[in-house]
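Contents: one structure, followed by commentary.
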Amino acid sequence: CNGDTISQTTGNGGNHYNGSCKTDASGNARSTLALDGDGDGYLLLEDSSGNDDVLITSSNGGDSYINNGGNVGIGTPSPNYLLDVESSGDSTVRIYSTSGSADAVLRLENATAQAWQIYTDGNDDDNLSIRNVTGAATLMTFDRSSGFVGIGETSPAYPLHVKGTGTDNYIAYFDNTGTGSTHHGIRIQAGDTDHSDSGTHYIEFLESDDDLVGHVDSDGGALALNNS
C-alpha cells in the first residue's frame with residue numbers, strides 16, 4: 001500500500017471523487033473510494049429507474065457498514081447479526097410513524113408463520129401492547145398514562161389487571177417450587193396499622209356480574225372471612 005491516489009474535482013458544489021490505498025488501524029491495506037459534494041461524504045446506489053436504493057453516509061459522524069456476510073452494522077465495522085447497532089453511549093433504535101393514529105410496530109415471525117407484534121397503539125392512547133398476530137389477540141397491554149399492566153385486558157383499571165378468556169378453568173396459578181418451610185405463596189400488604197380496623201379488604205370475591213359476595217379482612221387483629 002503505497003498511498004497512490006486518483007482524484008477528480010469539478011468545482012465548488014460539484015462532485016469530488018477520491019480513490020486511495022490506505023492502511024487501517026490493524027495494518028491492513030484497504031482500497032477506498034470517497035465521494036464528496038463539498039460536505040459530508042456519502043455513497044449512493046441507485047436502480048435503473050433512478051430510485052435511491054442504498055445510501056451510506058458519514059453525516060454527523062455516524063458510520064454504516066454492510067459486510068460480505070449480508071449483516072448490517074451501525075457504529076460497528078464487524079456486525080455479528082443481520083442488524084447490529086453499537087454505540088459508546090446509550091443506543092436507541094427508533095420506529096416512528098408520522099401519523100398520530102397509526103401504530104409503530106416491531107413484528108417477530110418465523111418460517112411456520114407464527115407471528116407476534118410489539119407495538120404502540122395509535123388508536124388507544126399510544127399504549128404499548130404485545131399481540132399474537134396468528135391468534136388475532138392482544139395478550140398484554142401497558143397503559144401509557146397510568147402505568148397499569150393488563151394481561152388479557154386491553155384497558156387495565158388496576159396496577160395488575162388479569163382477565164381470562166371465559167373458557168379457562170383458572171386465570172392465575174402461583175407455584176413456588178421450593179419445598180422448605182420458608183418457601184411461601186403470595187404476600188398481601190394493605191391498610192393502616194390499626195389491626196382492629198376491619199375496613200381493609202385484603203381479598204374480595206365477586207360474581208361474574210360484579211356483585212360482591214364476600215371478602216377477607218382484619219377483625220380485631222385476626223383474619224376474618226365476611227360474606228357481605
Side-chain angles (χ1 to χ4, degrees), residues 52 55 57 59-60 62 64 71-76 79-177 184-192 199-217:
D52 296 348
L55 174 63
T57 178
S59 175
N60 298 321
S64 299
N71 294 340
V72 176
I74 300 176
T76 173
N80 296 312
Y81 307 94
L82 292 177
L83 176 61
D84 201 343
V85 181
E86 184 175 309
S87 171
S88 60
D90 296 336
S91 296
T92 301
V93 177
R94 185 186 190 194
I95 301 176
Y96 176 72
S97 172
T98 58
S99 172
S101 60
D103 300 338
V105 182
L106 175 63
R107 185 181 177 102
L108 309 174
E109 187 171 354
N110 61 19
T112 60
Q114 300 299 313
W116 290 79
Q117 289 180 346
I118 302 174
Y119 68 99
T120 58
D121 193 338
N123 293 312
D124 191 14
D125 200 30
D126 291 326
N127 293 335
L128 179 66
S129 298
I130 299 176
R131 177 177 176 81
N132 181 346
V133 181
T134 308
T138 298
L139 302 183
M140 182 174 288
T141 299
F142 300 84
D143 191 280
R144 181 184 64 84
S145 58
S146 67
F148 293 171
V149 177
I151 300 177
E153 172 58 58
T154 57
S155 300
Y158 305 95
L160 178 59
H161 193 156
V162 182
K163 185 177 183 179
T165 63
T167 59
D168 303 315
N169 291 328
Y170 301 95
I171 62 170
Y173 180 78
F174 300 88
D175 182 11
N176 185 342
T177 58
H184 308 299
I186 301 175
R187 189 172 191 174
I188 300 175
Q189 181 174 336
D192 56 29
T200 298
H201 295 182
Y202 298 100
I203 303 176
E204 288 189 348
F205 306 96
L206 294 87
E207 296 281 8
S208 58
D209 58 1
D210 288 338
D211 280 347
L212 180 67
V213 295
H215 59 268
V216 175
D217 62 25

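Side chains are part of it too, since the values below use all heavy atoms of this structure and drop only hydrogens, waters and symmetry mates.
Among Asp217, Ile188, Ile186, the one residue that satisfies the side chain to side chain contact (heavy atoms under 4.5 Å, CB included) test with Ile203 is Ile188.
The distance from atom OH of Tyr202 to atom CD of Gln189, rounded to the nearest 0.5 Å, is 9.5 Å. Atom-to-atom distance recorded for Thr120:OG1 and Asp125:CG is 11.0 Å, nearest 0.5 angstrom. Atom CZ of residue Arg131 and atom CD of residue Gln117 lie 6.5 Å apart, to the nearest 0.5 angstrom. Taken from CG in Leu206 to CG in Asp211, the straight-line distance is 8.0 Å, to the nearest 0.5 Å. The structure places CD1 of Ile171 at 11.0 Å from CD of Glu153, a figure rounded to the nearest 0.5 Å.
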Full working for side chain to side chain contact (heavy atoms under 4.5 Å, CB included) between Ile74 and Leu83: CA-CA 8 Å; Ile74 300 176; Leu83 176 61; 4.1 Å; yes
Test log, rule side chain to side chain contact (heavy atoms under 4.5 Å, CB included), inputs Phe205 and Val216: CA-CA 9 Å; Phe205 306 96; Val216 175; 3.9 Å; yes
Worked verdict on Asn132 versus Trp116 for side chain to side chain contact (heavy atoms under 4.5 Å, CB included): CA-CA 5 Å; Asn132 181 346; Trp116 290 79; 4.2 Å; yes
Ile95 vs Leu106, side chain to side chain contact (heavy atoms under 4.5 Å, CB included): CA-CA, chis, key distance, verdict: CA-CA 8 Å; Ile95 301 176; Leu106 175 63; 4.2 Å; yes
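Residues Asn176 and His184 approach most closely at ND2-O, 2.8 Å, considering heavy atoms. The shortest heavy-atom contact between His161 and Pro156 is ND1-CA, 3.6 Å. Across all non-hydrogen atoms, the minimal contact from Gln114 to Thr134 is CA-OG1, 3.4 Å.
Side chain of Asn71 to main chain of Pro79: a donor-acceptor pair is present (N/O by atom type, distance under 3.5 Å, no hydrogens or angles). Asp103 places no side-chain N or O within 3.5 Å of a backbone atom of Val105 that could act as its donor or acceptor partner. At least one donor-acceptor pair closer than 3.5 Å links the side chain of Asp84 to the backbone N or O of Asn80.
Inspection of the Ser129 and Asn127 side chains reveals no N or O donor paired with an N or O acceptor under 3.5 Å. There is no side-chain donor-acceptor pair under 3.5 Å between Asp143 and Thr141.
Inter-residue side-chain proximity for Leu212 and Glu204 is flagged as met; some heavy-atom pair is nearer than 4.5 Å. By the 4.5 Å heavy-atom criterion applied to side chains, Leu160 and Ile151 are counted as neighbours.
Counting non-hydrogen atoms of neighbouring residues, nucleotides and ligands closer than 6.0 angstrom, the CG atom of Asp209 exceeds 12 such neighbours. The environment of Tyr158 atom OH is sparse: at most 12 non-hydrogen atoms of other residues, nucleotides or ligands sit within 6.0 angstrom.
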